Enquirer: 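Pasting in a structure now, in structure tokens, and then I'll have a few things to ask.
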Amino acid sequence: MKSYDHKKIEEKWQKRWEEKELYKVENKTEGKENYYTLVEFPYPSGNLHTGHWYAFVVPDAFARYKRMKGENVLFPMGFDSFGLPAENAAIKHGIDPREWTYDNIAHMRDQIKRMGNAFDLSREVVTSDPEYYKWTQWLFLKLYEKGLSYRGKAVVNWDPVDKTVLANEQVLPDGTAERSGAKVGKKELKQWFFKITDYADRLVDDLEELDWPEEIKEAQRNWIGRSEGAILHFKIAPSVRNNTEQTQKNAEELPRNSASSPREAATSIEVFTTRPDTLFGTTYMVLSPEHRILEELKEKIENRDEVARYIDQSKEKTEIERTNEAQEKTGVELKGVKAINPGSREEIPIFVADYVIASYGTGAIMAVPAHDERDFAFAQKYNLPVKQVILPCKEDRNNPPQKGLEETEREVVVAFLKNNATGKYALLNWHGTLEGITTGIMGGIDDGETPEEAVLKEIQEEAAINNARVVRKNPWISSARYCASHKGVNRTSFAHWYICEVDSLSEQGEIPEEEAKLHTLIWVDEEEVLDALGPEDQKNMWSNFLRLSSILDSGKLIQSGEFDGLDSEDAKEAITKKVGGEMTSTYRIRDWLLSRQRYWGCPIPIVYDPEGNPHPVSEEHLPWLLPEDVKLGELTGKSPLATSKELHERVEHLFGVGWTPEYDTMDTFVDSSWYFLRYLDPYNETEFSSKEVQKAWMPVARYSGGAEHTTMHVLYSRFFQKALFDLGLVTESEPYRERLNRGLILGTDGRKMSKRWGNVVDPDEHVERVGADCVRTYLAFIGPYNEVGAYPWDMGGIAGVRRFLEKVNTLSEKVSDKEASEEITQLLHESIMKVGRDIESFKFNTSVSQLMVLSNRFAKEEEVPKEAFKTFLKLLAPFAPHLAEELWLSLRERGSTQNERGWTRNDSVHMQAWPEYDEALLKKPTAEIAIQVNGKLRGVLLLPLETSEEEVRAEAEKLPAVEKYLTEGEVSKVVFVPGKLINFVVKKA
RNA sequence: GCCCGGGUGGCGGAAUAGGUAUACGCGCGAGACUUAAAAUUUCGUGAUCGCAAGGUCGUGUGGGUUCGAUUCCCACCCCGGGCACCA
């Protein structure tokens, strides 16, 4: 028996594939569609770890499958080679970061080759190569020209001992530095930013069109954190000035941002709110301690010392202290200064309090204690008035009133009538309690009736009047949480939902719309209902139905003068307009700070004139080289580039005496924001990536990577792509058509692999022992790849996969020219279908499992039919490319005159077409029919697929196990599913 | 707190336009081969009652709809992740 010598096979084929350039991809191949699939390129840390294997090797099976399906597949690889570890290694061991990085790349490149991936390595990109970062700089300058890159102030964590900038992660919760232990301070530095906030809306809105997992979209939405609301202007009360008229006049004439002008005394404060409808309930205002207007109002504030003290205190607090929700709210009133509520015209007090964040919205809020939890807590503490201006429905969980305030009765939609003739829907409203129906058109419960029965009756009556037919009923009783605490009484609310089809329903005009809203019958048209429901949700009736009713019955305004009675949703815009505010959006996301006070990164191509004004380095000087004569690891408080003599000389030589370079380098996320475009055109010396080539490949069809990059790399590169799109430099506005987040491989103990636990699995050892094919197949088999799972490395599991491959190797010895049996042919075609389908959806585990099923079946045969086995090898090829290739050749040699020496590309199993399956052969000729009585399995019959109900029934009734139950009562119904089951419904006598 | 995922044997996981739950692999048990072990191989393997035939229970918990629910609906619990004094 020929043993499975993985080492020999893998070495041989890797060499030969390379020689024959098997995986080289042209930008155009006659008769083939282009398909671009991508994995995140690695940082060259020195060694490929298990995570890299999982990230590269499983998507490789997909890329190989696509190739065999006849597509021209681009599957490139490169190195994201700028970054901190190189610099740290340099400081620690005195090695040049350049040398360290490129040695690592050389080593990892070899390791990658041993994976047996179908990477086209001729397109490799390395971000620290001057040929690459020349274009990173060029793109930076393009964004700079467009005003998308700017220099601004940033507050950074500053370690006064080490004299260095710290990342948030380097600051301990107690506010001291992780490294030096010094109390970390704040320092304002001039830093470079990208204006990603300009793209916030598009980054959110365009997610809609993308075929991405909801999980990823939602994470991006949360990260961007858009909220829609209004900017409203609150005037400072003129009484302080003693000159009412003039101040008001001034305020009206001044442009919006005048409040922040330092020369004019401040006259108004801007706030952002998502609830302009509650404006009339605003009883005070709060400014964040950092708000500029505090400085401008200084003269007027009577207790300015107290205020100043408070502001100093909050500066002392760390971010974590300040954002701790559990902490009691504190604040100080600005005595002697009042604001005017633009709605009610009342004078209201102004506070400074650190529960308001300077960096969000306008850094100032209008406080509505009746309708906001935080404002309520603050108002309680400082004894401020609470004024309720909305009567919400008591079940409105989104906008509950604060404790002890009034609620209205909610009307609940209970029926949903559709008029087939007009396509209109009618909603019937009703609300009740378990004790008895209290309101609604449908009257009460008759004696002996359950509430459900009562409602059903009413619905049917109502339907009959309208010539409607109830086609589905689906009543519920729910002990709904939102009602439990109502007025201290533990009441249970319930509601019912029916869909009725209506043959002819009275026209909308017959019931005045207003009346319909107030009472019980509400007319809406189909579009409105569908809009409210959304196409996907129509199944989730209960939740839709609540949502719908909350749309129809949301809170009504009170105490708001002319707006009273208006729906709170409608009031938002009306009130905003009335008081001269504007509807707008605010975002959580901040501009992307790209400056890094580091050495090993892409230099920012900017120089400063003697006055300190920034100027771009012109294109002809790119790449703006990273200097080599720097001193690393010195605690100068400046970026390492500042120590380069060469850089200074270069700048003075090119630009003039007194000119200085930018010392910071770019965030490495900039490098990786466009790398997928360089793969397309890696040798282009005149363009970063030609549009012609982009047209051929972009967007990336499927991009697989780590979940940790969802809100960083993926978001940043989407921004880049959009910005470049607007500049006319790229052909697509979204870079990735599909994005999938891969899971994590854990140590054998189920914990995250870490040196600390001593559970790090070295893939090289396993490759040595069982082979790359085995590790590849094992990683594909471990679990679904399209979900973010966490899978422990299982030694038994990998042994099982090795056994499988050995079995396949043995099977090849039994191959003969025998015809495949009908059964094997059927299984083969089923396997072609399943393996392909599951690779397509990244569920490689079930693909492998199907291959195992097929090989188990082959193993039962004395002789393995050759054609079937060849098909099997094609299915195996994406997972175990070396073994499949070896066995493919061995089969070929037998019947062919050509020997191994004459092997060409086209002889490769990887150049074969993916097998087709015959739909007709998928069905098994016989089926196991389940025999059920009242839904319980009582037996199984093996019958031809097409057996009729009568025959199945006759056969089934003969079974003793079934007969026993059939005689217990009368068979009232028989459910028959052809080829699947028969179910006898027996009513006991 | 809000939002997004998810909860199935001892373990990784299969199966959802509602239709025989636990495919495939690991582990475990028994047998064959062997002087022996490993390797290989055959059979068994959700729980429970039973000598057996067979019964009962079983997809986080409690309800509902259905002839039939892991799958649909409601409520709750737990785990993972995103955001969070975000106005």
Side-chain angles (χ1 to χ4, degrees), chain A residues 213-227 229 271-275 278 286 322-327 329 353-357 359-368 372-375 377-378 397-398 472-481 494 497 539-543 586-588 707 710-711 741 750 778 781-784 787-792 794-801 803-804 806 810 843 845-846 848-853 856 928-940 960-961 964 972-975 977 979-986:
Chain A
E214 195 49 40
E215 213 181 327
I216 302 179
K217 289 192 192 180
E218 198 56 32
Q220 293 213 348
R221 281 189 208 111
N222 284 341
W223 185 261
I224 296 165
R226 174 164 70 188
S227 17
V271 302
F272 174 75
T273 177
T274 53
R275 296 291 305 277
T278 63
V286 187
R322 270 191 63 173
T323 56
N324 181 2
E325 248 176 288
Q327 188 164 317
K329 294 180 179 31
D354 61 12
Y355 80 90
V356 173
I357 300 161
S359 59
Y360 186 80
T362 61
I365 61 157
M366 58 178 229
V368 188
D372 183 277
E373 211 180 309
R374 291 152 303 168
D375 298 342
F378 192 81
R397 281 193 271 176
N398 292 327
R472 176 169 173 182
K473 62 187 170 67
N474 223 356
W476 286 277
I477 297 179
S478 70
S479 46
R481 191 182 65 166
F494 68 96
W497 166 277
K539 288 188 231 158
N540 300 331
M541 294 195 181
W542 175 249
S543 49
T586 330
Y587 309 87
R588 193 205 77 98
T710 303
T711 53
N741 283 351
Y778 168 67
F781 186 55
I782 203 163
E787 295 169 16
V788 188
Y791 311 104
D794 176 11
M795 298 302 283
I798 198 162
V801 171
R803 273 199 281 275
F804 160 65
E806 275 169 11
T810 313
K843 292 175 86 179
N845 55 330
T846 45
V848 174
S849 138
Q850 188 62 34
L851 290 172
M852 288 173 169
V853 170
N856 288 347
E928 286 186 347
I929 310 277
I931 316 299
Q932 297 180 338
V933 179
N934 289 336
K936 282 202 173 168
L937 187 71
R938 298 297 175 191
V940 176
K964 189 170 115 191
S972 63
K973 190 177 167 188
V974 177
V975 181
V977 183
K980 281 252 164 88
L981 62 78
I982 188 160
N983 184 18
F984 296 94
V985 184
V986 177

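Order of the sequence lines sets the chain letters (A, B, ...), proteins ahead of strands, with each chain counted from 1. Just so we're clear, the structure is a prediction, and the values are computed from it rather than from any experiment.
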Enquirer: Which is true for E215(A) with a 4.0 Å heavy-atom rule: it touches a base, it touches only sugar-phosphate, or it touches nothing?
Expert: sugar-phosphate
Enquirer: Write down the distance between CG (L937(A)) and C1' (rC67(B)), rounded to a whole number of angstrom.
Expert: 14 Å
Enquirer: If the C1' atom of rG18(B) is compared with that of rC72(B), how far apart are they to the nearest Å?
Expert: 8 Å
Enquirer: Students often get this wrong, so: under 4.0 angstrom with heavy atoms, is N983(A) touching a base, only sugar-phosphate, or nothing?
Expert: base
Enquirer: Locate the shortest heavy-atom distance separating A707(A) from V788(A); write the atom from each residue and the value.
Expert: CB-CG1, 4.2 Å
Enquirer: If we ignore hydrogens and angles and just use 3.5 Å, is the side chain of N983(A) paired with the main-chain N or O of I931(A) as donor and acceptor?
Expert: no
Enquirer: Which nucleotide sits closest to the side chain of F781(A): rC3(B), rG25(B), rA87(B)?
Expert: rG25(B)
Enquirer: Taking only side-chain nitrogens and oxygens of R938(A), does any of them come within less than 4.0 Å of OP1 or OP2 of rG54(B)?
Expert: no
Enquirer: If the C1' atom of rU35(B) is compared with that of rC28(B), how far apart are they to the nearest Å?
Expert: 27 Å
Enquirer: Would you say the side chain of N222(A) and the base of rC83(B) hold a donor-acceptor pair, judged only by whether the two atoms sit under 3.5 Å apart?
Expert: no
Enquirer: Would you mind pulling out the nucleotide paired to rU40(B), Watson-Crick or G-U wobble, both distances under 3.5 Å?
Expert: rA32(B)
Enquirer: Taking only side-chain N and O atoms of N845(A), does any of them lie within less than 4.0 angstrom of OP1 or OP2 on rA14(B)?
Expert: yes
Enquirer: Taking all atoms of both residues into account, what is the closest heavy-atom pair of D794(A) and Y778(A), and its distance?
Expert: N-OH, 2.7 Å
Enquirer: Find the partner of rU16(B): check Watson-Crick (N1-N3 plus N6-O4 or O6-N4) and G-U wobble (N1-O2, O6-N3) distances, both under 3.5 Å, and reply none if neither fits.
Expert: none
Enquirer: Let me know, please, whether E218(A) or P784(A) comes out on the 5' side of the other along RNA chain B by nearest nucleotide.
Expert: E218(A)
Enquirer: Quick check for you: among rA84(B), rC67(B), rC85(B), whose closest atom lies nearest to any side-chain atom of V985(A)?
Expert: rC67(B)
Enquirer: How long is the line joining NZ of K843(A) and C1' of rG12(B), in whole Å?
Expert: 15 Å
Enquirer: State which residue, out of I357(A), V286(A), T273(A), fulfils the side-chain contact (heavy atoms from CB on, under 4.5 Å) condition with I365(A).
Expert: V286(A)
Enquirer: Rounded to whole Å, how long is the line connecting atom CZ of F804(A) with atom P of rU41(B)?
Expert: 14 Å
Enquirer: Looking for any heavy atom pair under 4.0 Å, which part of the strands does G361(A) touch: base, sugar-phosphate only, or nothing?
Expert: nothing
Enquirer: Does K936(A) put a side-chain nitrogen or oxygen below 4.0 Å from OP1 or OP2 of rC57(B)?
Expert: yes
Enquirer: Please state whether the base of rC67(B) and the side chain of K973(A) form at least one donor-acceptor pair under 3.5 Å?
Expert: no
Enquirer: Does rG9(B) fall in syn (glycosidic angle within 90° of 0) or anti?
Expert: syn
Enquirer: When you compare rA39(B) with rC26(B), how far apart are their P atoms, in angstrom units rounded to a whole number?
Expert: 12 Å
Enquirer: Measure from CD1 on I365(A) to P on rC85(B) and round the result to the nearest Å.
Expert: 13 Å
Enquirer: What is the minimum heavy-atom distance between M366(A) and R275(A), and which atoms define it?
Expert: CE-O, 3.7 Å
Enquirer: Quick one: label L981(A) by what it contacts on the DNA or RNA (base, sugar-phosphate, nothing), any heavy atom closer than 4.0 Å.
Expert: base
Enquirer: Closer than 4.0 Å, any side-chain N/O of N856(A) to the OP1 or OP2 of rG25(B)?
Expert: yes
Enquirer: Inspect the contact between R221(A) and E218(A) and indicate whether a charged nitrogen and a carboxylate oxygen are less than 4.0 angstrom apart.
Expert: yes
Enquirer: Look at S227(A) and rA87(B) and indicate whether a side-chain polar atom (N or O) is within less than 4.0 Å of OP1 or OP2.
Expert: yes
Enquirer: Is the distance from OP1 or OP2 of rU41(B) to the nearest side-chain N or O of R803(A) less than 4.0 Å?
Expert: no
Enquirer: Suppose we define a pair by two distances each less than 3.5 Å, Watson-Crick or G-U wobble; what does rC57(B) pair with here?
Expert: rG46(B)
Enquirer: Of the nucleotides rA14(B), rG82(B), rU20(B), which has the atom closest to the A219(A) side chain?
Expert: rG82(B)
Enquirer: Please determine, for rC72(B), whether a Watson-Crick or G-U wobble partner exists with both distances under 3.5 Å, and give it or none.
Expert: rG64(B)
Enquirer: Taking atom C1' in both rU20(B) and rU70(B), compute the distance separating them and give it to the nearest angstrom.
Expert: 14 Å
Enquirer: Given the P atoms of rG82(B) and rC43(B), what is the spacing between them in whole Å?
Expert: 47 Å
Enquirer: How far does the C1' atom of rC33(B) sit from the matching atom of rA69(B), given to the nearest Å?
Expert: 48 Å
Enquirer: Now, which nucleotide makes the Watson-Crick or G-U wobble pair with rC2(B), with each of the two distances under 3.5 Å?
Expert: rG82(B)
Enquirer: Nearest whole angstrom, please: distance from the P of rG5(B) to the CZ of R221(A).
Expert: 10 Å
Enquirer: Looking at Y791(A), does any N or O in its side chain come under 4.0 Å of the phosphate oxygens OP1/OP2 on rG12(B)?
Expert: no
Enquirer: Between I357(A) (CD1) and rC85(B) (C1'), how many Å, whole number?
Expert: 6 Å
Enquirer: Taking all non-hydrogen atoms of both residues, which atom of T362(A) and which atom of F272(A) are closest, and how far apart?
Expert: OG1-N, 3.5 Å
Enquirer: I need the NZ-C1' distance between K329(A) and rC85(B), as an integer number of Å.
Expert: 5 Å
Enquirer: What's the gap between rA23(B) and rC11(B) when it is taken at their P atoms, as a whole Å value?
Expert: 15 Å
Enquirer: Decide, yes or no, whether a salt bridge links E787(A) with K843(A) under the criterion of side-chain N to carboxylate O below 4.0 Å.
Expert: no
Enquirer: When the P atoms of rG62(B) and rU71(B) are considered, how many whole Å apart are they?
Expert: 13 Å
Enquirer: Considering every strand and a 4.0 Å limit on heavy-atom distances, what is the contact class for V853(A): base, sugar-phosphate, or nothing?
Expert: sugar-phosphate
Enquirer: Could you state the NZ-C1' distance from K980(A) to rA17(B), rounded to the nearest angstrom?
Expert: 11 Å
